Amino acid sequence: MSDVVAAAAEQSAPKSTRAGRDVGRRILRSPLAMLGLVGTLLVLAAAVLAPWLSPHDPTSQNLAHILAPPIWAEGGTAEHLLGTDGLGRDVASRLLHGARNSLFVAVAAMLIGSGLGLVTGLVAGFFGGRVEALIMRLGDVQLAFPFILLAIAILGVVADRSALHLILVLGIPGWIIYARVVRSRVLAEREKEYVQAARAVGAGSWRRLFRYVFPSVWQVVPVIALLDVGFLIIMESTLAFLGLGLPPPSPTWGGILAEGRRNMVVSPWLPVLPGLAILVTVLSINLFGDGLAAVIDPRLRRGGMRRILPPSLTAASWHDPGTAARDESSPAWPVATGEGAPLLQVRDLRIDFPATESTVHAVRGIDFDLRRGETLGVVGESGSGKSVTATAILQLLDPPGRVSTGQILLDGEDLARASNRRMAQLRGRQLGMIFQNPAASLNPVLTIGYQMREALRQVTGCTRKEAAERSHRALLDVGIPDPARVARQYPFELSGGMNQRVMIAMALAASPRVLLADEPTTALDTTTQAQILRRLVDLTEEHEISLVLITHDIAVVAEYADTVMVLYAGEVCEYGPVRQVVDDPRHPYTRALLESVPRVETADERLVPIPGDLPDPRAQRTGCPFAARCPEVMDVCREVKPPRFDIGGRHDAACHLWAPDRVAGSKP
Amino acid sequence: MSAPLLEVRGLSKHFSVRRRAGWTRKVHPLRAVDDVSFTLDAGETLGLVGESGCGKSTLGRTVLGLLAPTAGEVLFEGEHLTEGDPRLRRTAQIVFQDPYTSLPPKMRVGRIIAEPLLIHDLVPRADVTERVASLLRDVGLKREHASALPHQLSGGQRQRVGIARALAVEPKLIVADEAVSALDVSVQAQILNLLKDLQEQRGIALLFISHDLGVVRYMSHRIAVMYLGRIVELGPAVDLVEQPLHPYTRGLLAAVPRIDARRSAVRIESEPPNPVDPPEGCRFHPRCPIAQSRCSHDPPQLLDWLPGREAACHFALDGPDAPAPVAGDRLHPPGAAS
């Protein structure tokens, strides 16, 4: 091992406990998992401490004192808390030692099964081919074989049964459960690029398997193992009940149960107590196992599209200076009303994603207008808040995201305060949306035509026939030459470009007033992108639909939009008519965006990259978000957040370089 | 004359695709890379550009021996290196597109970069830490980053780690497969300049694969344009971008959104055909604005139409804005291909 690894190992200690603490905290938050954990720990403690906890020797007989009732029944004594059995042995002590024996057998069997399963699963998944076929068919045969019959047959034949025999018979057949899960995880992992990369640097197969794949897949084993232990306890008890458990006099729960059955009529608690012990133990283990699985695999956690109304909105507190710390000196964006008012007015919009440790402030107070028929390009990098803004307008933020303050006025109606029912009416009919990944937005098992017709009928309430006609026309409009054929096809039969055309046709067929397009062509090829954007812009112009075009590529905006809004880290940097902004950018970030991307048309000058990384979206911020990376940074930039200074002609820039006093002062 | 660093001769890589045909399933060959030849000199950057499904990534991986070729040869300095040969791994390395999936999630950065050193026993064990630190420095990271896990780094930092891992074996060739497409625009330029500097300082040859013509032009000395598994045009970067010979190159250039002025002309209509059954003749002819009857049955060869400029088109010099041939420059008049 190199020093690097040694150094890394030192560093790893605090971090792994942090991850451990995280798992612990999530378990704590789930009451059922917590209950399971406590139960499991109690049983485990009882098993480990049995020799010290037991008041009596579990095997010492006291024939003078047989079938004593437990303490709560009549005639019970504190001497034998849970009474005695048919041979006068202390039931409490026998149960404690039974826990020890049952758990020992179950855990040992689980270790054998999981060990075998892990190795076979890794090998089968990683090497594939004949090895995989052989291992998996072996598993199929074993699953088809009645396991309990096999166990009875083997244990019945063995002359002097010992714990080892029991453990092997119980443990070995369990491998296939582990092997299947591990194999499928390995199959997924082995295709990932980091395993390819390991191959490219010359790592052999065993090295790739154990150093690269194994660390990513082993986590599935403990969860299965935990549930397996619960199952094995029952199996062990079953075998003991059938007289095939540990040889007497070693107490096990199944054995105690079987013996107790003989005296059931006189002393009904004798079979009930070990039964309860088995029930409680297995239940605890299963509850804990499920909780652990949910923590390790976040996909099992519950979640959904719920809309959380912020408490502040119910109190109309958006103009409260306390919550909306709006810079008083900035030229306010007053809400326009009456004729000629912009169709969509967004005012001081703030979007938060509260998290346990710190809240992510995704959007930090943005204002903009969208006029009728206008195409507004929203440009920004990841984390700029561009997509979140669009989903907030639709009121479809993923929980726990919420609009913390601000107004989203569509024709004077505030969407941030609209009811869910009202939003459902507006979506589709007034507000359309196109996403980056069309395949994910379309239902894979329904035909294109069916989905379009149903969506149209839902939104507009038109008849089936009308819907069919309108969708046919819409498909023609977006440049699909044979709509009848496409309507009969399923999304997976079409290319990405075709699916995106369908999405656009669907959005436009309902003739919304505002269309929000979030990176509509990013996943598509250059030639397809050009065709689709051109169609989209032409169609929205033709139908006088206002288009919000969200993209990371300022060239797309330059070519297709009327107005541009440049976002950086949740704030507006620059806003104005496209040509003005692109030809004469005022904000250093806009300039950097234009200069740091290599273009076909630019000469061979060396690119000037923006140094550093994006700011932390959780941090409280003073001053300009771009200050840390700005080539023209001044002292004031780090302390005072720049308001959006007017440049003239609907063009503004949130940069202190354009403060009126500074601009006036610099003029001769 | 010594052999070029990399010579690719008639390289093909076919995959089998099962398709449903009535009640049966038929196996079709997908010609991801079909009879591709080119050379790459030491210290040169060849840009490989094309749309998704054109086979550019498959070509990159076949060159590295990560995929076995169906036909053809890959020669490094005139020598054929097989997959198991450690010399191949020390000659040619790769930087992947996605900095999120190309680093092992549970391995610390120091170890990731140390792996190639340990596998090939390149430095004494005692010096590994120092070597890793110097590699980190080379790619603009700090010694302290060695103890970080990949998810603790930003996308740009992760891509730097991927580059450091590739540099560890001191390769002569690096295949950069969409190495900056997953990065934010403000970080992209940092990584491009880093790759460019490393290449110039160390004389590493780059096979720079990207769908972004702007990026490819910035990085490359020469550019190869791929369409449906074939190279359709190959030439010096500046010439190819300013005076494209192949109508597909022209269409691709016209489709790139530009900052300078609004243009509406989109030359290429419709979408690329399914690579499982590419068109007969010239594979581009159904979408080609200047196609003629000959193009539908006679596949054009990649020929030198002008010095150093190859194109696979029967009418390479006949397009609406094709470069005017200088007298004596024209090596193959139209029609010479057949």
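All figures in this text were calculated on a predicted structure; none of them were measured in a lab. Chain letters run A, B, ... following the sequence lines, proteins first, then strands; residues in each count from 1.
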Do you know which of A:Thr528, A:Val608, A:Leu614 has the most heavy-atom pairs with chain B at a distance under 4.5 angstrom? A:Thr528
Winner by heavy-atom pair count (cut-off under 4.5 Å) against chain B, out of A:Ala200, A:Gly383, A:Ala198, A:Gly202: A:Ala200
For residues B:Glu51 and A:Thr527, is any side-chain donor paired with an opposing acceptor at under 3.5 Å? yes
Is B:Leu192 in contact with chain A via its backbone, its side chain, both, or neither, using a 4.5 Å heavy-atom distance? side chain
Whatever's closer than 4.5 Å to a heavy atom in chain A on B:Val241 counts as side chain
Please flag which part of B:Ser154 lies under 4.5 Å from any non-hydrogen atom of chain A: side chain, backbone, both or neither. side chain
Does any backbone or side-chain atom of B:Arg61 lie under 4.5 Å from a heavy atom of chain A? Answer side chain, backbone, both or neither. side chain
As a quick check of understanding, evaluate side chain to side chain contact (heavy atoms under 4.5 Å, CB included) for B:Tyr100 and A:Lys192, giving each step before the final call. CA-CA 10 Å; B:Tyr100 296 88; A:Lys192 294 212 175 141; over 6 Å; no
B:Asp184 side chain vs A:Glu381 backbone, donor-acceptor pair below 3.5 Å: no
Of the backbone (N, CA, C, O) and the side chain (C-beta and beyond), which part of A:Pro481 lies under 4.5 Å from a heavy atom of chain B, both, or neither? neither
Chain B contact via A:Asp538 - side chain, backbone, both or neither, heavy atoms under 4.5 Å: neither
Among B:Val185, B:Asn193, B:Leu103, which residue has the highest count of heavy-atom pairs closer than 4.5 Å to chain A? B:Asn193
B:Leu213 and A:Thr526: side chain to side chain contact (heavy atoms under 4.5 Å, CB included), yes or no, with the steps? CA-CA 9 Å; B:Leu213 261 170; A:Thr526 321; over 6 Å; no
What part of A:Glu595 lies closer than 4.5 angstrom to a heavy atom of chain B: side chain, backbone, both or neither? neither
So, the part of B:Pro86 with a heavy atom under 4.5 Å from chain A: the answer is neither
With chain A as the partner, which of B:Glu115, B:Gln188, B:Met219 has the greatest number of non-hydrogen pairs under 4.5 Å? B:Glu115
Under the side-chain contact (heavy atoms from CB on, under 4.5 Å) test, which residues partner B:Thr91, sequence neighbours left out? B:Phe76, B:Leu81, B:Lys172
Turns out that what part of A:Arg208 lies under 4.5 Å from chain B's heavy atoms comes down to neither
Listed by chain and number, what are the side-chain hydrogen bond (donor to acceptor under 3.5 Å, both in side chains) partners of A:Asp584, not counting sequence neighbours? A:Arg586
For the atom pair OG1 (B:Thr101) and CD (A:Glu189), what is the distance rounded to the nearest 0.5 Å? 10.0 Å
I'd like to know if the side chain of A:Gln196 reaches the main chain of B:Leu66, judged simply by a donor and an acceptor atom lying under 3.5 Å from each other, with no hydrogens or angles considered. no
Between B:Gln190 and A:Pro609, is there a donor-acceptor pair closer than 3.5 Å when you use the side chain of the first and the backbone of the second? no
Heavy-atom proximity to chain B below 4.5 Å, by part of A:Leu533: neither
Could you tell me which portion of B:Asp197 (side chain, backbone, both or neither) has an atom closer than 4.5 angstrom to a non-hydrogen atom of chain A? side chain
Any carboxylate oxygen within less than 4.0 angstrom of a Lys/Arg side-chain nitrogen, looking at A:Glu193 and B:Arg165? no
Ranked by heavy-atom pairs below 4.5 Å to chain B, first place among A:Ile610, A:Asp583, A:Asp525 goes to A:Asp525
Tell me, for A:Leu607 versus chain B, whether the close heavy atoms (under 4.5 Å) come from the side chain, the backbone, both or neither. both
May I ask you to test the A:Ser216-B:Pro105 pair for a side-chain heavy-atom distance under 4.5 Å? yes
Rounded to the nearest 0.5 Å, the OH atom of A:Tyr212 sits from the CE atom of B:Met107 at a distance of 4.0 Å
Rounded distance (nearest 0.5 Å) linking atom CZ of A:Arg211 with atom CG of B:Leu118: 8.0 Å
Testing the basics here: between A:Asp553 and B:Pro257, what is the closest heavy-atom pair and its distance to 0.1 Å? OD2-CG, 3.9 Å
Let me know if A:Ala203 has heavy atoms under 4.5 Å from chain B in its side chain, its backbone, both or neither. both
In terms of heavy-atom pairs under 4.5 Å, which option from B:Pro150, B:Pro104, B:Ala168 contacts chain A the most? B:Pro104
Donor-acceptor pair, distance only, cut-off 3.5 Å: does the side chain of B:Arg89 make one with the backbone of A:Arg199? yes
Do you know which two heavy atoms are closest between A:Pro598 and B:Tyr218, and how far apart they sit? CB-CB, 3.6 Å
Hey, are A:Arg599 and B:Asp212 close enough for a salt bridge, meaning a charged N less than 4.0 Å from a carboxylate O? no
